[in-house]
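Heads up: the structure comes next, in structure tokens.
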Amino acid sequence: MHVDVLARVQEIYAEVLRRNPGEKEFHQAVREVLESLAVVLGRHSEYTEMKTIERICEPERQIIFRVPWQDDSGEVHINRGFRVEFNSALGPYKGGLRFHPSVNLGIVKFLGFEQIFKNALTGMPIGGGKGGSDFDPKGRSDAEVMRFCQSFMTELYRHLGEYTDVPAGDIGVGAREIGFLFGQYKRITNRYESGVLTGKGLGWGGALVRTEATGYGAAFFADEMMRARGESFDGRRFVISGSGNVAVYGIEKVHQLGGTVVACSDSSGYVVDEKGIDLDVLKQVKEHERGRISEYADRVGTAHFVSRGSIWDVPCEVAMPSATQNELDGEAARTLARNGCQYVVEGANMPTTPDAVALFRAAGIGFAPGKAANAGGVATSALEMQQNASRDRWSFEQSEAKLEEIMRGIHARCHETAEEYGTPGDLVLGANVAGFLQVAEAVHAHGLI
Ligand code: GLU
């Protein structure tokens, strides 16, 4: 490759490091994308002249605000709220809100940056953004969560709108939180603006399949990836980390498509069930009771709970990390490879560390990056916006068929782009380049803004 192009990419990365000190997850996400983009600069000199990559690495707007609230005993708490409006070249900023104690500006920026390319890959008219708070919903009552959401929205509402910025859920934000946020937005603005949030309840503007979409989508993507190699899910062993929304519906779809998921986890440990995870029990424990994963093993005779070690010690042919960022490191990758793992499909955002990704790629293990494989959630959010805009409601079957078509389309684009750029089978490069080109063309067309 041309030395000038590589040097240019290195300069851009050095500037990102200088300007965003200490934001290591953001650096990691940018680096991975930039490593794929040298090949693009070699073909598109206009993106060098117009500093298109530099502009995409700089958020259009970053909002940080105080969120004060009172708990049930009357004690006052102060949290920090964030919304990073990263890129609106393709549509209104779109991306979830994460409520978790680990949330800081660097985490929100990494997620927002990933979201730009993920959203572009869906082919839907949505820009990229992300937000959240270091609020910890764990152990909080419904009333406390409501007061927090109301305080959060009391600041955030002025930055939102169905044509401006449309949040949804992420870790710690589900239908309950979206309900409280929507209620407060409606109260302040005096507008029943359905399209301002997605992931709404089914009775008040929500869309069928949105809940299932990220997990289902990741399973469709895995299926398509295996088909490309002439293989199928039939009788295959899967391990899916996590037990939140992505993992639960990932398990459901893998089982429907003929695979068996033998392990899942939460922050306290993991369960192994050789018979295949019993979804009714898992949903009861995690969705209805908001309990711990060990309770699954208490109720299912064939299962056991492991509180130490790593879920990636469990042998499988397909691994779907679906919990959180950097949960699968180099050591786990070596164990997976040694145990015969053939595919890794990211259900979460950036769950695999760079050394683990490098190991999978070198070993010829099929690797699907999150920005492609987990795009089903946000794609279905865009379908929800479409239904809200036309005051329509689609059936489950129609929505699921659309999701499946979108996921298979994303795989095709990543696959073809990798071939076009001389790295067949490299879905990391395919996703980064295909996503970037879609965004860059629009950025370029809009002039220097
Ligand atoms: N938080 C999800 C994601 O990481 C969904 C975002 C959305 O639906 O806007 O893509």
Side-chain angles (χ1 to χ4, degrees), residues 25 29 82-88 90-100 103 107-133 156 160-162 164-175 177-178 181-182 194-201 205-218 221 242 244-250 321-325 345-351 368-388 399 402-403 406-407 410 431 435:
E25 291 84 2
F82 301 91
R83 186 72 182 165
V84 173
E85 298 182 333
F86 225 119
N87 192 289
S88 62
L90 297 177
Y93 309 106
K94 183 84 197 86
L97 297 171
R98 176 177 292 191
F99 291 170
H100 191 271
V103 168
I107 295 273
V108 177
K109 272 157 77 175
F110 119 63
L111 291 163
F113 186 74
E114 288 282 295
Q115 201 84 44
I116 303 171
F117 307 102
K118 178 193 322 198
N119 294 4
L121 284 171
T122 67
M124 314 290 289
I126 41 179
K130 202 85 185 191
S133 174
L156 191 64
L160 306 183
E162 65 173 313
T164 309
D165 186 352
V166 183
D170 195 83
I171 295 172
V173 177
E177 290 74 19
I178 294 293
L181 292 164
F182 184 76
S194 299
V196 74
L197 287 168
T198 61
K200 297 182 292 296
L208 287 161
V209 187
R210 177 63 191 88
T211 308
E212 296 83 355
T214 312
Y216 276 23
F221 195 94
N245 186 257
V246 182
V248 165
Y249 292 96
S322 305
T324 194
Q325 67 272 357
V345 178
E346 292 191 325
N349 291 311
M350 209 171 73
K371 62 171 76 67
N374 76 32
V378 77
T380 309
S381 277
L383 301 180
E384 183 172 332
M385 291 161 75
Q386 211 172 316
Q387 290 165 77
N388 292 151
S399 310
K402 189 79 193 149
L403 169 65
I406 292 171
M407 295 314 297
I410 294 174

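Quick note: numbers below take in every heavy atom, side chains included, and nothing from hydrogens, waters or symmetry partners. Remember, it's 1-based here, ligands and their atoms both numbered in the order they're listed.
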Under 4.0 Å from ligand 1, counting heavy atoms only, is it the side chain of Thr380, its backbone, both or neither? neither
At under 4.0 Å between heavy atoms, which part of Lys371 makes contact with ligand 1: side chain, backbone, both or neither? neither
Option whose closest heavy atom lies nearest to atom 4 (O) of ligand 1, chosen from Lys130, Arg210, Arg98: Lys130
Name the closest protein heavy atom to [atom], giving the residue it belongs to and the distance to 0.1 Å.
atom                    : result
atom 10 (O) of ligand 1 : Lys118 NZ, 2.9 Å
atom 6 (C) of ligand 1  : Gly96 N, 3.5 Å
atom 8 (O) of ligand 1  : Ser381 OG, 2.6 Å
atom 9 (O) of ligand 1  : Lys94 NZ, 2.7 Å

Ligand 1 contact by Glu114, heavy-atom criterion under 4.0 angstrom: no
Can you find a heavy atom in the side chain of [X] that is under 4.5 Å from one in the side chain of [Y]?
X      : Y      : value
Ile107 : Gln325 : yes
Asp170 : Lys130 : yes
Leu383 : Gln387 : yes
Asn119 : Leu90  : no
Asn388 : Glu162 : no
Pro167 : Leu160 : yes

Check this for me - ligand 1, Gly169, N or O atoms closer than 3.5 angstrom, yes or no? yes
So, regarding Gln115 and ligand 1 (criterion: nitrogen or oxygen to nitrogen or oxygen, under 3.5 Å), is there a contact or not? yes
I need the atoms of ligand 1 closer than 4.0 Å to a non-hydrogen atom of Ala168, numbered in the order shown. 7 (C), 8 (O), 9 (O)
The side-chain hydrogen bond (donor to acceptor under 3.5 Å, both in side chains) partner of Asn349 among Lys118, Lys371, Glu25 is Lys118
Of all heavy-atom pairs linking Phe221 and Ala368, the shortest is CE2-CB, 3.5 Å
